[in-house]
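In this text the structure is predicted, and so the values were computed from the model without any measurement.
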Amino acid sequence: MTLTREQAPPVVVKAPVQKRRRHDGLATTLMVAPATILYTVMLIVPVGLAFYLSLTDWDGFSADPAFVGAANYLDLLDDPELQRASLVTLLVAAAGTAGLNLLGLGFALLVNGASRANTFFRIVLFYPHVLSALVVGFLWSAILGTSGAVNNLVTTWGGQVIPFLSDPTWATVTMIAVLVWAGFGVNVVLYLAGLQAVPHSLIEAARIDGATRWQVFRNVTLPALGPSVTVNIVLSLVTLLKTYDLVVSLTAGGPAGQTQTVAYLILWNSFHDARLGFGSAQSVLLMLVTAALAFVVTKLRRRGELAVHQ
């Protein structure tokens with residue numbers, strides 16, 4: 001019996017699926033390998049080395065670190081310098097995060113929109129972040145120091161010297177203010193990106209319904225900025241918790257160690273006092289606390305975003 005062309009069974013050509021999958025897997029591995037190697041070398045290895053050194057009594061010079069187990073972590077519990085530095089760090093992180101986000105969002109609203117003036121002001125606002133933190137610290141130290149520009153003007157006009165950097169309270173407030181000044185430009189950029197994603201149709205509908213600018217911001221713009229707020233808060237918090245270089249150039253931890261942050265104390269103990277094992281234990285503790293706070297803040301912010309949209 002002869003089959004017609006329509007009745008003949010189709011010819012199935014089996015593609016080398018398994019070979020193709022191996023090829024795709026190899027290509028994916030090769031593309032991911034550079035980032036994986038860089039991540040491992042720059043993060044995983046240093047973290048593992050820090051944890052190992054935190055279990056030793058090493059001065060940074062001897063050939064064989066002496067293993068002491070959890071002794072360094074037990075010493076942290078009774079370290080008054082660490083307790084004071086922890087309070088300063090938490091204060092800087094909390095107040096600085098609030099300042100960075102309030103100023104960042106406020107200026108983002110002011111320079112939002114396409115115009116030459118807004119483009120110019122965006123550059124001006126972002127410029128302090130381009131400067132090195134060491135340069136920023138030395139700059140403001142020359143301006144606010146006891147013999148700085150501001151106090152020279154004050155004394156010339158018959159006033160008394162303002163202890164911007166010589167009084168513990170003044171020095172802490174000054175340090176937070178300088179940190180906010182130097183960093184809020186990044187928050188402006190991130191909030192501007194979030195504002196571009198706010199649907200204009202919702203804003204126009206709210207205005208047609210008679211909503212005021214404040215009502216539009218509170219009920220339309222701010223809920224839409226939820227993800228941007230979360231990112232800004234977490235980034236600000238993590239950045240401020242590891243503040244070190246500006247402390248060095250602005251206050252050097254003074255007066256009398258009252259503006260020492262945990263990161264500053266880690267470097268001081270590790271290299272100035274040659275207690276690298278103890279400093280490594282402090283760094284591991286700071287890393288864990290930072291990760292925990294970032295996780296908690298992110299969870300709370302996500303829960304708040306979901307509650308707003310429900």
Side-chain angles (χ1 to χ4, degrees), residues 35 38-51 54 76 82-105 107-108 125-126 128-134 136-137 172 175-194 225-250 253 259-268 270 279-305:
L38 184 64
Y39 181 82
T40 302
V41 172
M42 301 300 293
L43 184 64
I44 303 299
V45 172
V47 169
L49 182 60
F51 179 73
S54 70
L76 293 178
L82 179 61
Q83 294 173 5
R84 183 177 64 240
S86 299
L87 291 177
V88 173
T89 303
L90 291 176
L91 177 61
V92 169
T97 298
L100 286 170
N101 284 276
L102 289 175
L103 283 180
L105 180 56
F107 279 101
L125 293 173
F126 188 77
H129 182 71
V130 177
L131 300 175
S132 167
L134 289 173
V136 170
T172 303
M175 182 173 65
I176 294 172
V178 173
L179 283 168
V180 171
W181 176 84
F184 82 97
V186 176
N187 300 83
V188 172
V189 172
L190 293 175
Y191 278 122
L192 282 172
L225 284 176
S228 298
V229 173
T230 301
V231 170
N232 274 285
I233 290 177
V234 173
L235 287 179
S236 301
L237 184 65
V238 171
T239 301
L240 291 171
L241 284 173
K242 58 185 182 65
T243 299
Y244 162 71
D245 38 11
L246 190 135
V247 180
V248 173
S249 56
L250 183 64
T259 59
Q260 288 182 343
T261 60
V262 174
Y264 179 91
L265 194 61
I266 289 171
L267 273 297
W268 183 269
S270 298
S280 297
Q282 292 176 318
S283 66
V284 171
L285 180 63
L286 177 62
M287 179 185 62
L288 294 176
V289 171
T290 302
L293 287 176
F295 177 79
V296 170
V297 171
T298 302
K299 282 293 185 181
L300 292 176
R301 283 294 311 158
R302 293 297 186 191
R303 187 178 301 174
E305 293 172 23

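In this structure, L250 and V178 have side chains that are in contact, with non-hydrogen atoms separated by less than 4.5 Å. In this structure, K242 and T290 have side chains that are not in contact, with every pair of non-hydrogen atoms separated by 4.5 Å or more. At least one side-chain heavy atom of Q282 sits under 4.5 Å from a side-chain heavy atom of L76. Residues V186 and L100 are not in side-chain contact: their nearest non-hydrogen atoms beyond the backbone lie 4.5 Å or more apart.
Between the CG atom in N232 and the CG atom in L237 there is a gap of 12.0 Å [rounded to 0.5 Å]. Atom-to-atom distance recorded for N101:CG and Y191:OH is 3.5 Å, nearest 0.5 angstrom. To the nearest 0.5 Å, atoms OG1 (T298) and CG (L293) are separated by 10.5 Å. To the nearest 0.5 Å, the span separating CZ on R84 from OG1 on T89 amounts to 11.0 Å. The line from CE of M175 to CG of L91 is 8.0 Å long, rounded to the nearest 0.5 Å. Rounding to the nearest 0.5 Å places CG of N187 at 11.0 Å from OG of S228.
Nearest heavy-atom pair, Y264 versus Y244, reported as atom, atom and distance to 0.1 Å: CA-CD1, 3.5 Å. The two residues A263 and T243 come nearest to each other via the heavy atoms CB-O, 3.4 Å. Of all the heavy atoms in G279 and S270, the pair that sits closest is CA-OG, 3.4 Å. S249 and G137 make their closest contact through OG-CA, 3.1 Å (heavy atoms, listed as atom of the first residue, atom of the second, distance). Across all their heavy atoms, A294 and V238 have their closest contact at CB-CG2, 4.2 Å. Nearest heavy atoms, R301 versus I233: CD-CD1, 4.1 Å.
Taking a 6.0 Å sphere around OH of Y39, one finds it holds 12 or fewer heavy atoms contributed by other residues, nucleotides or ligands.
Considering L103, V189, L105 as possible partners of F184, the one that fulfils the side-chain contact (heavy atoms from CB on, under 4.5 Å) test is L103. Applying the side-chain contact (heavy atoms from CB on, under 4.5 Å) test between L235 and each of L190, T97, T230 identifies L190 as the sole match.
Ring geometry, F126 versus H129: the interplanar angle falls from 30° to 60°, so the pair is classed tilted.
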